[in-house]
Peer 1: 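Below is the structure I would like to discuss, written out as structure tokens.
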Number of protein chains: 2
Amino acid sequence: MEQRVNIPEAIHGGIVRDAKNRMPEEGFCHSLAGFFKVLGDTTRVRILLALALSEMCVADIACLLGMTQSAISHQLRVLRQARLVKARRMGKISLYSLDDEHVESIVAEGAKHLSHGDRR
Amino acid sequence: MEQRVNIPEAIHGGIVRDAKNRMPEEGFCHSLAGFFKVLGDTTRVRILLALALSEMCVADIACLLGMTQSAISHQLRVLRQARLVKARRMGKISLYSLDDEHVESIVAEGAKHLSHGDRR
DNA sequence: TGAATGTATGAACAACTATTCATATAATCG
DNA sequence: CGATTATATGAATAGTTGTTCATACATTCA
């Protein structure tokens with residue numbers, strides 16, 4: 001794709017030059033945003049908060065959240081690909097749980113920011 | 001809007017009933033997802049990482065990221081509304097910076113998850 | 001084996017979003 | 001004042017995404 005947009009000159013050249021050297025690479029920024037994007041959906045957040053309470057199968061989550069099995073299954077796939085949840089098969093049932101302890105601390109960190117905003 | 005979707009029965013009624021009592025309310029889930037959604041865009045992540053290095057004006061960020069002033073300004077508004085960045089006017093220049101220390105710890109927590117995934 | 005049940009998935013569509021373009025606002029300086 | 005510069009913003013658009021519907025896959029059981 002061709003770039004014909006008009007990028008402005010920096011006003012503080014020194015700061016920009018320095019920042020250019022110290023900025024993380026694009027790939028990292030992209031991955032980081034991709035990770036947060038997964039957390040940026042109400043249904044997926046609710047699934048994670050549910051799994052923080054207990055391991056559950058797809059039908060249980062669907063019932064709990066009042067959504068279809070298909071919708072939940074699609075979102076579980078997104079969460080699995082992001083390594084936020086993991087599944088184990090027990091017969092015809094798939095039991096989902098949080099993939100690691102990180103998940104809860106990230107959610108907690110986000111919640112902290114929300115309550116911080118309320119306080120002002 | 002009418003709900004005519006077919007919600008499945010729970011398979012493990014006890015677990016679901018218990019979870020229904022302990023789940024955070026919808027509003028909280030929605031706010032939390034909304035917050036992460038703001039972090040779920042590469043441009044906004046790059047802006048935050050840039051401002052973690054130094055306070056900058058709009059034109060500087062645009063130059064640093066190789067994007068138009070307009071695109072940056074639009075995203076800064078989103079970040080401002082989410083209380084992730086703040087601005088102070090110095091004459092005709094708007095200087096942006098991270099709103100609080102939380103921002104960096106949230107980003108760091110996300111990065112931790114990414115590197116965790118790499119390790120397997 | 002065939003029926004029943006739980007889960008996964010592809011396609012389609014509606015809703016949302018990030019960027020661009022044009023233009024408005026705001027501040028400085030001659 | 002008018003010109004210039006920095007930023008903000010509304011409208012349009014192209015690209016993305018979450019849910020639904022239909023259906024496939026997988027497992028159990030009679």
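All figures in this text were calculated on a predicted structure; none of them were measured in a lab. As a basis for the values below, the full set of heavy atoms in this structure was taken, side chains included, without hydrogen atoms, waters or symmetry mates.
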Peer 1: When the distance from CG of A:Leu76 to C1' of C:dT9 is rounded to whole Å, what number comes out?
Peer 2: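 One finds 13 Å between C1' of C:dT9 and CG of A:Leu76, rounded.
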Peer 1: Is the backbone of B:His12 close enough, under 3.5 Å, to the side chain of A:Asp60 for a donor and an acceptor to pair up by distance?
Peer 2: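 Side chain of A:Asp60 to backbone of B:His12: a pair is present.
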Peer 1: Give every pair of a protein N or O atom and an N or O atom of nucleotides 1-7 of chain C that lie under 3.5 Å apart, one pair per line with the distance.
Peer 2:
unit_1 : atom_1 : unit_2  : atom_2 : d
C:dT7  : OP1    : A:Val58 : N      : 3.4
C:dT7  : OP1    : A:Ser94 : N      : 3.4
C:dT7  : OP2    : A:Ala59 : N      : 3.1
C:dT7  : O3'    : A:Ser94 : OG     : 3.3

Peer 1: Hey, is the side chain of A:Thr68 poking within less than 4.0 Å of OP1 or OP2 on D:dT20, counting only N and O atoms?
Peer 2: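 A:Thr68 to D:dT20 OP1/OP2: side-chain N or O found under 4.0 Å.
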Peer 1: If we ignore hydrogens and angles and just use 3.5 Å, is the side chain of B:Ser73 paired with the main-chain N or O of B:Gln69 as donor and acceptor?
Peer 2: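 Between the backbone of B:Gln69 and the side chain of B:Ser73 there is no qualifying donor-acceptor contact (under 3.5 Å).
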Peer 1: Without decimals, in angstroms, what is the distance between B:Ile47 CD1 and C:dA18 P?
Peer 2: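 Going from B:Ile47 (CD1) to C:dA18 (P), I get 11 Å.
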Peer 1: So, OP1 or OP2 of D:dT16: does either fall under 4.0 Å of a side-chain N or O from A:Lys37?
Peer 2: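 No, A:Lys37 has no side-chain N/O under 4.0 Å of OP1/OP2 on D:dT16.
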Peer 1: Backbone N or O of A:Lys92 within a donor-acceptor pair of the A:Arg89 side chain at under 3.5 Å?
Peer 2: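 Yes, the answer is positive, given that a donor and an acceptor are paired below the 3.5 Å cut-off.
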Peer 1: Does B:Ser70 make a side-chain N or O approach to OP1 or OP2 of D:dA8 shorter than 4.0 Å?
Peer 2: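 Looking at the OP1 and OP2 atoms of D:dA8, neither is under 4.0 Å from any side-chain N or O of B:Ser70.
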Peer 1: Are the ring of A:His74 and the base ring of C:dT9 both nearer than 5.5 Å at their centres and tilted by less than 30°?
Peer 2: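 The base of C:dT9 is stacked with A:His74 (centres under 5.5 Å, planes under 30°).
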Peer 1: If I take atom CG in residue A:Leu39 and atom P in nucleotide D:dG18, what distance separates them, rounded to the nearest angstrom?
Peer 2: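 Taking CG of A:Leu39 and P of D:dG18, I get 12 Å after rounding.
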Peer 1: Grab the CD1-C1' distance between A:Ile72 and D:dT20 for me, whole Å please.
Peer 2: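 Taking CD1 of A:Ile72 and C1' of D:dT20, I get 13 Å after rounding.
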Peer 1: Could you tell me how far apart B:His30 (NE2) and C:dC16 (C1') are, to the nearest whole angstrom?
Peer 2: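 Checked: the NE2 to C1' distance equals 13 Å.
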Peer 1: Side chains of B:Arg44 and B:Leu39, heavy atoms from C-beta outward: is any pair under 4.5 Å?
Peer 2: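 No; the side chains remain at least 4.5 Å from each other.
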Peer 1: What is the distance, rounded to the nearest whole Å, between atom CG of B:Asp41 and atom P of C:dT17?
Peer 2: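 Distance check: B:Asp41 CG to C:dT17 P gives 11 Å.
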Peer 1: Could you see if A:Val78 belongs to whatever hydrophobic cluster contains A:Val45? Use Ile, Leu, Val, Met, Phe, Trp, Tyr and a side-chain cutoff under 4.5 Å.
Peer 2: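 Yes, one cluster joins them.
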Peer 1: Roughly how far, to the nearest 0.5 Å, is the NZ atom of A:Lys112 from the CZ atom of B:Phe35?
Peer 2: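 Spacing of CZ (B:Phe35) from NZ (A:Lys112) equals 11.0 Å.
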Peer 1: Measure from CD on A:Gln75 to P on C:dT9 and round the result to the nearest Å.
Peer 2: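 So the two atoms are 13 Å apart, to the nearest Å.
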Peer 1: Is atom CZ of B:Arg80 surrounded by more than 12 heavy atoms (other residues, nucleotides or ligands) closer than 6.0 Å?
Peer 2: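 Counting neighbours around CZ of B:Arg80, more than 12 heavy atoms of other residues, nucleotides or ligands fall under 6.0 Å, so yes.
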Peer 1: Side chain of B:Arg77 only, please: which of D:dT9, C:dA18, D:dC21 is the nearest?
Peer 2: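 For B:Arg77, the side-chain atoms sit closest to D:dT9.
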